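Scroll down for the structure; my scribbles are underneath it.
Values in this document were obtained by computation on a predicted structure and should not be read as measured data. In what follows, chains are A, B, ... by sequence order, proteins preceding strands, each numbered from 1.
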Protein chains: 2
Amino acid sequence: MAKPKTEEFTPDEIYLSDVAKALSHPARLRIMKILTEMNVCMCGEIVDLLPLAQATVSQHLKELKRVGLIQGDIDGPKVCYCVNTDNLTKAKAEMEKIFSNLTKKGALSCKTKKK
Amino acid sequence: MAKPKTEEFTPDEIYLSDVAKALSHPARLRIMKILTEMNVCMCGEIVDLLPLAQATVSQHLKELKRVGLIQGDIDGPKVCYCVNTDNLTKAKAEMEKIFSNLTKKGALSCKTKKK
DNA sequence: ATCGTTTATCGCAAATATACGATAATATAG
DNA sequence: CTATATTATCGTATATTTGCGATAAACGAT
């Protein structure tokens with residue numbers, strides 16, 4: 001009875017909420033910041049930059065990979081992570097839409113409309 | 001042992017991850033879309049536009065209010081909801097930062113860097 | 001005061017998310 | 001092949017989220 005009713009929503013809504021969910025943890029935000037600033041980063045370095053255990057960081061990386069915001073390429077025994085530019089650009093554009101309408105004009109509040 | 005370690009992160013990281021969390025459910029995204037398009041909407045109308053029970057929608061509205069993305073003003077027995085423009089603008093600016101660095105140039109991937 | 005309307009809150013059940021130690025998997029070096 | 005290094009996955013405990021019926025709270029109308 002507490003199963004999220006995702007089937008009741010549009011693919012657009014589900015995709016964007018999924019991206020938002022991936023960004024809804026401070027550790028994952030920090031990973032995104034690290035990768036956008038450094039372009040490329042070894043897994044071990046990311047672990048060292050976070051106050052979490054290696055297993056936990058690995059899970060967060062997996063979540064970001066799941067929604068396609070980052071990718072990891074095997075480099076010997078290490079893994080090299082970077083932002084998936086195409087997907088991040090797309091996510092950015094979708095996110096813009098949500099925030100765009102209010103900038104149009106006035107965007108009346110309840111109070112200003114009534115009084 | 002599974003308590004989120006929020007105290008290990010910066011206020012900026014926590015704030016933005018909190019906004020992302022508020023947007024991480026398709027129902028809440030749809031509410032934001034409704035409010036940005038209609039400027040203002042009675043609670044009952046929002047309930048009618050969602051495939052969820054009234055109690056559930058009320059909880060989603062509460063979550064969006066908690067992070068300040070919307071506000072609700074009492075209007076007789078009804079409640080009139082609208083976007084909190086100031087806060088949404090601020091959240092938008094913060095979100096931009098996360099997405100901005102990659103647009104700089106190349107944003108080399110692991111593979112392009114190596115090969 | 002009582003009734004109908006509207007919305008928030010409570011209490012509960014089920015599903016997810018978070019965190020980490022232990023272990024497996026993979027690759028390199030010797 | 002063995003040992004070391006690096007990362008992913010498993011198992012498990014706890015915390016949080018999601019959903020909804022039932023109920024409370026707030027208001028206007030009668």
Among the nucleotides C:dT18, D:dT7, C:dT6, whichever has the atom closest to the side chain of A:M42 is D:dT7
Looking only at heavy atoms, the pair that brings A:L52 and A:A27 closest together is CD1-CB, 3.7 Å
Rounded to whole Å, the CG-C1' distance (A:D73 to D:dA8) equals 16 Å
Would you say the base of D:dA8 and the side-chain of A:Q54 have a donor-acceptor pair closer than 3.5 Å? yes
Per nearest nucleotide of DNA chain D, the residue lying toward the 5' end, A:G44 or A:K5, is A:G44
Taken to the nearest whole Å, NZ/A:K21 to C1'/C:dT18 is 13 Å
Between CD of A:Q71 and P of D:dT7 the distance, given in whole Å, is 16 Å
* Does the side chain of B:V57 reach to within under 4.5 Å of the side chain of B:L61, using non-hydrogen atoms? -> yes
Per atom distances to the B:P77 side chain, the nearest of D:dT7, D:dT18, C:dT6 is C:dT6
Regarding the side chain of A:K65, the nearest nucleotide among D:dA8, D:dA22, C:dA19 is D:dA8
Among the nucleotides C:dT7, C:dG21, D:dT6, whichever has the atom closest to the side chain of A:K78 is D:dT6
To the nearest angstrom, the CG-P distance between A:D48 and D:dT6 comes to 10 Å
- request: Kindly say if B:Y81 contacts the phosphate of C:dA8, meaning a side-chain N or O under 4.0 Å from OP1 or OP2.
  value: yes
Could you check if a side-chain atom of B:R66 sits within less than 4.5 angstrom of a side-chain atom of B:K21, using non-hydrogen atoms only?
-> yes
To the nearest angstrom, the NZ-C1' distance between A:K62 and C:dT16 comes to 14 Å
Of C:dC20, D:dT18, D:dC20, the nucleotide closest to the side chain of B:L52 is D:dC20
From NE2 of B:H25 across to P of C:dA15 the rounded distance in Å is 15 Å
Taken to the nearest whole Å, CG/B:L23 to P/D:dT17 is 14 Å
When we call it a touch if two heavy atoms are under 4.0 Å apart, what does A:A53 touch: a base, just sugar-phosphate, or nothing?
sugar-phosphate
Exercise. Would one find a side-chain N or O of B:T56 under 4.0 angstrom from OP1 or OP2 of D:dC20?
Worked result: yes
With A:E13 as partner, the option from B:H25, B:R30, B:R28, B:K33 fulfilling side chain to side chain donor-acceptor pair (under 3.5 Å) is B:R30
ask   = Would a distance-only check, ignoring hydrogens and angles, find a side-chain to backbone donor-acceptor pair under 3.5 Å from B:N87 to B:G68?
value = yes
Is a donor-acceptor contact shorter than 3.5 angstrom present between the side chain of A:Q59 and the base of D:dA8? no
Nearest heavy-atom approach of A:M95 to A:V19 is CE-CG1, 4.4 Å
### Message
Please classify the nucleic acid contact of A:E63 as base, sugar-phosphate, or nothing, using heavy-atom distances under 4.0 Å.
### Response
nothing
Between A:P4 and A:V47, the residue closer to the 5' end of DNA chain D by nearest nucleotide is A:V47
Here the distance between atom P of D:dT16 and atom NE2 of B:H60, to the nearest Å, is 18 Å
